[in-house]
**Student:** 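Supplied in structure tokens, the structure appears directly below.
Protein chains get the first letters and strands the later ones, always in sequence-line order, with residue 1 at the start of each.
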2 protein chains.
Amino acid sequence: MTSSAHSAEDKICPHNARQNCSSCRLSAICLPLALAQDEVVQLDEIVQRGRPLQTDELLYREGDNFNSIFAVRSGSVKAYRVSDKGEEQVTGFYLPGEILGMDGIGQNRYANSAQAMEVSAICEIPFSKIEDLSGRLPNMQKHFFKLLSQEIVEDQRHITLLSKHSAEERLASLLVSISARNARRNLSAFSFRLPMSRTDIGNFLGLTIETVSRVFSRFAKQGLIEINKKEILVLDIDALKRVASLAN
Amino acid sequence: MTSSAHSAEDKICPHNARQNCSSCRLSAICLPLALAQDEVVQLDEIVQRGRPLQTDELLYREGDNFNSIFAVRSGSVKAYRVSDKGEEQVTGFYLPGEILGMDGIGQNRYANSAQAMEVSAICEIPFSKIEDLSGRLPNMQKHFFKLLSQEIVEDQRHITLLSKHSAEERLASLLVSISARNARRNLSAFSFRLPMSRTDIGNFLGLTIETVSRVFSRFAKQGLIEINKKEILVLDIDALKRVASLAN
DNA sequence: CGTTATCTTGATAACGTTCAATAAGAGTGG
DNA sequence: CCACTCTTATTGAACGTTATCAAGATAACG
């Protein structure tokens, strides 16, 4: 088995397009708790489920016309933007149940490119439909306001991380985050495979690949984790959290 | 006159509570272009205009119950959050016409504290009223989705700035940003007063106060700007933009 | 007019980058 | 199946940008 991170979802169907929100095991993460049963059905009708994305395939490009937001059903996606300086900046990693593309609403163009880091199944939700639904269902409107707001808070957390925290704190913070997000999907919080490369991690954390590698080695030497390429075994989550200073 | 940045607004009324959105000269920035006249009136009815905030007075605290978002009518406000590490991070500066507090929607608590950097007049807009209005007026809903999304894009821009750009690039970028935001308010793009302290600038840009000071001096020596404490005279905006690498 | 805040400038040091070499896989073709 | 290349990751040494420490200078304020 190459990927422990998928086992739970894969039991049922890896990247199957035949799915609906009501039966999706990720709905607890993806959907508003406040949505009534019949509201979920209405949402379900507008969700499009295409063929899986292959590794490195682009879901959308920075500058593309914005039409839809996307939910990751399986696999994982990174978002990145290119500054005028030509520097690429990874702005987020999206795991199953998480939603991306909302940065496109403001300018009617995506502000990021989104790329699959492995074979991934994606739900596409046309935004015009969301606007319609939100106009009719207050719970739906509330949910999307909240989603957008939470992304703001996430990004501000990340600003703090980049601005005020050391390389060790940043990396520990990422590991704790991924661990927690795995736990939320009922996967192991202590044994998982990082879907992203060292380059992507460094880019996301504002570090070079060399620093990422060194800090990983240091963590391993200190007995906090065991590393085997992308496979991570967390030996001391509390220590990791301490290093992260619960650095949010 | 202590502040050139205020002259245009102050002609009419500095921090007057007797105002409405239809006549407010900032509405072009603050309000959706798409709003019809009668829709503006409806918005106007829910906007609360309190007494002005004094310098350093808090508009809200991180963790406070979220009820309203706020628009700056005059003066300026900074937002900052405290990480678990105890580090304070300035997440944004808000100038007249700009809206803050939207980070509170997601968790029903503000994720930042907001503090006036000078005497400031603020419009308070109860969020529940916005939700009501948005349910009835599609333009209003669209506007707030856009506002939230734009804040996300702004924050991601800032992430890139912190992650990939040098001290000079960061500071040039801030100066260019403030210059542009002044121009949008029909104030001078080349002569203005920075409402924030060096400490706040450094904190916002992920730099120490000493580095901020040094870079300012370097810019002055290079003939890009003239500095007199907080008063800035931009001598070569194109050079500044070049230094910023249009670093967004 | 003295006291406190804030800002500027200099000297030193640290953290992370850069440059460089090596290692370990993954994929390909003979 | 092994040799080959190409990519990705690891490790070391030297350097550089920015932080830290420290001292003055300037402005703000009672």
**Student:** Checking side-chain hydrogen bond (donor to acceptor under 3.5 Å, both in side chains) for the pair A:Glu118/A:Thr55: CA distance, chi angles, key distance, verdict?
**Tutor:** CA-CA 4 Å; A:Glu118 56 193 313; A:Thr55 305; over 6 Å; no
**Student:** If anything within 90° of 0 is syn and all else is anti, what is D:dA27?
**Tutor:** anti
**Student:** Answer yes or no: are there more than 12 heavy-atom neighbours, outside A:Arg218 itself, under 6.0 Å from its atom CZ?
**Tutor:** yes
**Student:** Without swapping roles, check the side chain of A:Arg170 against the backbone of A:Leu162 for a donor-acceptor pair under 3.5 Å.
**Tutor:** yes
**Student:** Does atom CD of A:Gln107 have more than 12 heavy-atom neighbours from other groups under 6.0 Å away?
**Tutor:** no
**Student:** Expressed as a whole number of angstroms, how long is the span from A:Met196:CE to D:dT7:P?
**Tutor:** 22 Å
**Student:** Could you give the CD-to-C1' distance, from B:Glu118 to D:dA28, as a whole number of Å?
**Tutor:** 17 Å
**Student:** D:dA9 P sits how many Å from A:Glu231 CD, rounded?
**Tutor:** 14 Å
**Student:** Please check if the side chain of A:Ser149 supplies one atom and the backbone of B:Met102 the other of a donor-acceptor pair under 3.5 Å.
**Tutor:** yes
**Student:** Is A:Glu169 paired with A:Lys164 through a side-chain N to carboxylate O contact shorter than 4.0 Å?
**Tutor:** no
**Student:** Any donor and acceptor pair, going by atom type alone, linking the side chain of B:Asp200 with main-chain N or O of B:Val90 inside 3.5 Å?
**Tutor:** no
**Student:** Over all heavy atoms of both residues, which pair between B:Val243 and B:Ala172 is shortest? Give the atoms and the distance, please.
**Tutor:** CG1-CB, 3.7 Å
**Student:** Generate the contact string for nucleotides 11-22 of chain C. Rules: B means base contact, S means sugar-phosphate contact only, - means no protein heavy atom under 4.0 Å.
**Tutor:** B----SBBB---
**Student:** Do side-chain atoms of A:Arg81 reach the backbone of A:Asn112 as a donor and acceptor pair under 3.5 angstrom?
**Tutor:** no
**Student:** What's the CD1-P distance between B:Ile227 and C:dT8, to the nearest Å?
**Tutor:** 6 Å
**Student:** Let me know the distance between CG of B:Asn228 and C1' of D:dT26, rounded to the nearest Å.
**Tutor:** 11 Å
**Student:** What is the distance, to the nearest angstrom, from the CG atom on B:Asp56 to the P atom on D:dC29?
**Tutor:** 11 Å
**Student:** With pairs defined as Watson-Crick or G-U wobble and both distances under 3.5 angstrom, please note down DNA chain D as a dot-bracket string, | for pairing with another strand.
**Tutor:** |||||||||||||||||||||||.|.||||
**Student:** Hey, which of A:Tyr80, A:Tyr110, A:Phe66 is the one that makes ring pair (Phe, Tyr, Trp, His ring centres under 6.0 Å) with A:Tyr60?
**Tutor:** A:Tyr110
**Student:** Can you give one letter per nucleotide of nucleotides 1-6 of chain C, going 5' to 3': B for a protein heavy atom under 4.0 Å from the base, S for sugar-phosphate only, - for none?
**Tutor:** -----S
**Student:** Between D:dT10 atom P and A:Phe216 atom CZ, what is the distance in whole Å?
**Tutor:** 8 Å
**Student:** Stepwise, does the side-chain hydrogen bond (donor to acceptor under 3.5 Å, both in side chains) test hold for B:Thr211 with B:Thr208?
**Tutor:** CA-CA 5 Å; B:Thr211 300; B:Thr208 59; 3.1 Å; yes
**Student:** Report the distance from atom CG of A:Asn203 to atom C1' of D:dA9, rounded to the nearest whole Å.
**Tutor:** 16 Å
